[in-house]
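Everything on this sheet refers to the single structure shown next.
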2 protein chains.
Amino acid sequence: MPSDQTRTAILAAAERLYAERGFSDVTLRDIVSEANVNLAAVNYHFGSKDELIAELFVTRSLALNRERLRRLRAAEEQGGGRAEIADILRALVGPTLRGCLGPENERATAARFMIRVSIESVPPIRRIRNREIDHLRKFVAAMRRALPAHRDVELYWGLHFALAMAQQTVRDTERLAKLSEGQCDVDDVEAVIERVVRVAVLGLIASPASGKTTERAAAVSAR
Amino acid sequence: MPSDQTRTAILAAAERLYAERGFSDVTLRDIVSEANVNLAAVNYHFGSKDELIAELFVTRSLALNRERLRRLRAAEEQGGGRAEIADILRALVGPTLRGCLGPENERATAARFMIRVSIESVPPIRRIRNREIDHLRKFVAAMRRALPAHRDVELYWGLHFALAMAQQTVRDTERLAKLSEGQCDVDDVEAVIERVVRVAVLGLIASPASGKTTERAAAVSAR
DNA sequence: GATAGTTTCATACACACGTTTGAAATGCAA
DNA sequence: TTGCATTTCAAACGTGTGTATGAAACTATC
C-alpha cells in the first residue's frame, strides 16, 4: 500500500508555486523544497516534470468542468430544460472566479493555477486543452436554447467575452486595484460574478443580429 | 558612426520570436540564429537579455500609448473637449486590436509582443509597467467627463472589461476560431473593435449605479 | 525477525542557458 | 598606409536545470 503522502505534498506545493509564479519560473528544486521532500521524489512519483504538470492540469480541469456543468444542469433543470442566459453564463464564469478571488487565499490556488494554464502553453498542456472546446460547446448549446433567435456567431462572441472578463479579472487583479486605488472590491466575489454576467448578458441581448434588441436590453438593464 | 544593422536585426528577430512563443521559451541562441548574427552580439549591443527585453518593451509601450492618446485627443477635440464614451473606448482598444489581428501578419508582431508582456511578468518589465497605470488614468478622466453621473468604480470596471475583451481576443484567437469553427471572423479587425466597444459601452451605460439606466441602454442597443 | 517490495535520500550526470573573453575583422580619420 | 576605435566572431565559462543512479531506510508479509 503506497503512502501517497509525498505525492500529495508535491502536488500541493507544485500547484501553489505554479499558481503564484508561473510554470517557467518554478523549478523542481523549488517544489521539493516547498513540499519538504527529496528532489528525486518528483521523478519517482510522476516520471517527469511535464507529467507532474499534466496530472495537475487534468485533475483541476476535470473538477472545474464538472462544477460548471453541475451548475448548468441545475439551472436547466430548474427552468424545465431551458436555462436563462444569465444563469448559463453564471455557471460558466462563477466557478473560475469563486476559486480565484476572495479573501480566503487557500482555495484560490486551484483556479489560479488554471488561469496560468490558460496563459502559458507548456507542451503537455496544449494536447489536453483541446478537450476544453468540447466542454464549451455544451454551453453554446445551452445558450442556443436560451436565445433561439440569435445567430451562433453572436453566442460564440458572447461566451468568449464572458470568459475574457472573468479571466482577465483574475489575472490582472493587481492592475485593477492599483488603477482604482482599491475602490474596486475584488473580495466580494459574488458581486464580481454578477458584474461579469450582467455585462456579458447585455452584450448578447442587445446583439444587433437579433430582433427586439431594444426591449430586451432595457428589460435586463432595468433589473 | 555605429552601423546599427545588427542591433536592428536583433530587435526585430527578438520581437518576432517573443511574440510567437513567449519570453521564457525563446533563448538568446534562438534570437541570434533568427537574426543571423553572432551570439555575443546581444550582450555587446544591449548588455543583457533583460535589457534587450526592456528596450523592446519601452519602445512598443511608448508607441502604443502615444497612438491611444492621439486618438483620444482627436475624439475629445471633435467633441469640443468631451468625447463620447464609445470613442474613448475605441481609442483605448483600437490600437491594440488593429496591431494584433487582421490578415497582414507583419505589423501584428508589435502588438502581439505587448500582449505577451501583459501576460508574462519578467523582472525588467514589471518595473516599467507601473507607468501604464498613469496612462490608463487619462482614459478614466476622459470617461469621467463623458459619464459625469457615474461613480468612479463603474468607470474602472468598464475600462477593465474593455481591455479584458480586447486582450483576450488577441490572446485566444485560436480557441475562439476552433470553438466557432471559423464562424467568428477575426480578420475583420474593425468589426471586432466595434463589437468590443459596443459591449463595453452597454455595460457602462446600463450600470446600476447611474440613473436612467433603462433608457440609456435602450438608446444604445437600438442603434 | 527475515525477506521482498516500496520509498527516500544524497549525489552525480548531461545539457542548455546567459554571459564573458580575447583575438580577428572591419571602418574610418589622418 | 598607419593607427585607433568599433564591431564581429568562435570558443569557453559558470550556473542552474531536469533527470538518473545506487545505496539506505522503511513497510508489510510470511
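A, B, ... follow the sequence lines: proteins, then strands. Residue 1 opens every chain.
- Separating the CZ atom of A:R7 from the P atom of C:dT6 is a distance of 15 Å, rounded to the nearest angstrom.
- Distance, A:L52 CG to D:dT19 C1': 14 Å, rounded to whole Å.
- Between B:T27 and C:dA16, a side-chain N or O to OP1/OP2 separation shorter than 4.0 Å is absent.
- Protein atom CD of A:Q5 is 14 Å distant from nucleotide atom C1' of D:dT27, rounded to whole Å.
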Sequence neighbours excluded and cut-off under 3.5 Å, please list the side-chain donor-acceptor pairs for residues 33-40 of chain B, or say none.
| residue | atom | partner | partner atom | Å |
| --- | --- | --- | --- | --- |
| B:E34 | OE2 | B:R16 | NH1 | 2.5 |
| B:N38 | OD1 | B:A40 | N | 2.9 |

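- For A:H45 and C:dT6, the shortest distance from a side-chain N or O to OP1 or OP2 is not below 4.0 Å.
- In this structure, the separation between CG on A:L28 and CZ on A:F46 is 10.5 Å, given to the nearest 0.5 Å.
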Anything under 3.5 Å between a protein N or O and an N or O of nucleotides 19-23 of chain C, put it in a table, one pair a line.
| residue | atom | partner | partner atom | Å |
| --- | --- | --- | --- | --- |
| C:dT19 | OP2 | B:N43 | OD1 | 3.4 |
| C:dT19 | OP2 | B:K49 | N | 2.8 |

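- Sorted by first and then second residue, the salt bridge (Lys or Arg N to Asp or Glu O under 4.0 Å) pairs involving residues 155-167 of chain B (not counting sequence neighbours) form an empty list.
- Nucleotide C:dG18 holds its C1' atom 16 Å from the CG atom of B:D25, rounded to whole Å.
- Taking the side chain to side chain donor-acceptor pair (under 3.5 Å) definition, one finds that A:E67 meets it with A:R70, A:R71, sequence neighbours left out.
- As rounded to whole Å, 16 Å separates atom C1' of C:dG18 from atom CZ of B:F23.
- Residues satisfying the side chain to side chain contact (heavy atoms under 4.5 Å, CB included) criterion with A:I133, sequence neighbours excluded, are A:R137, B:R175, B:K178, B:L179.
- Partners of A:R21 under the side chain to side chain contact (heavy atoms under 4.5 Å, CB included) rule, at least two apart in sequence or in another chain, are A:L17, A:D25, A:V26, A:D30.
- In terms of phosphate contacts, B:T6 brings a side-chain nitrogen or oxygen within less than 4.0 Å of OP1 or OP2 of D:dT8.
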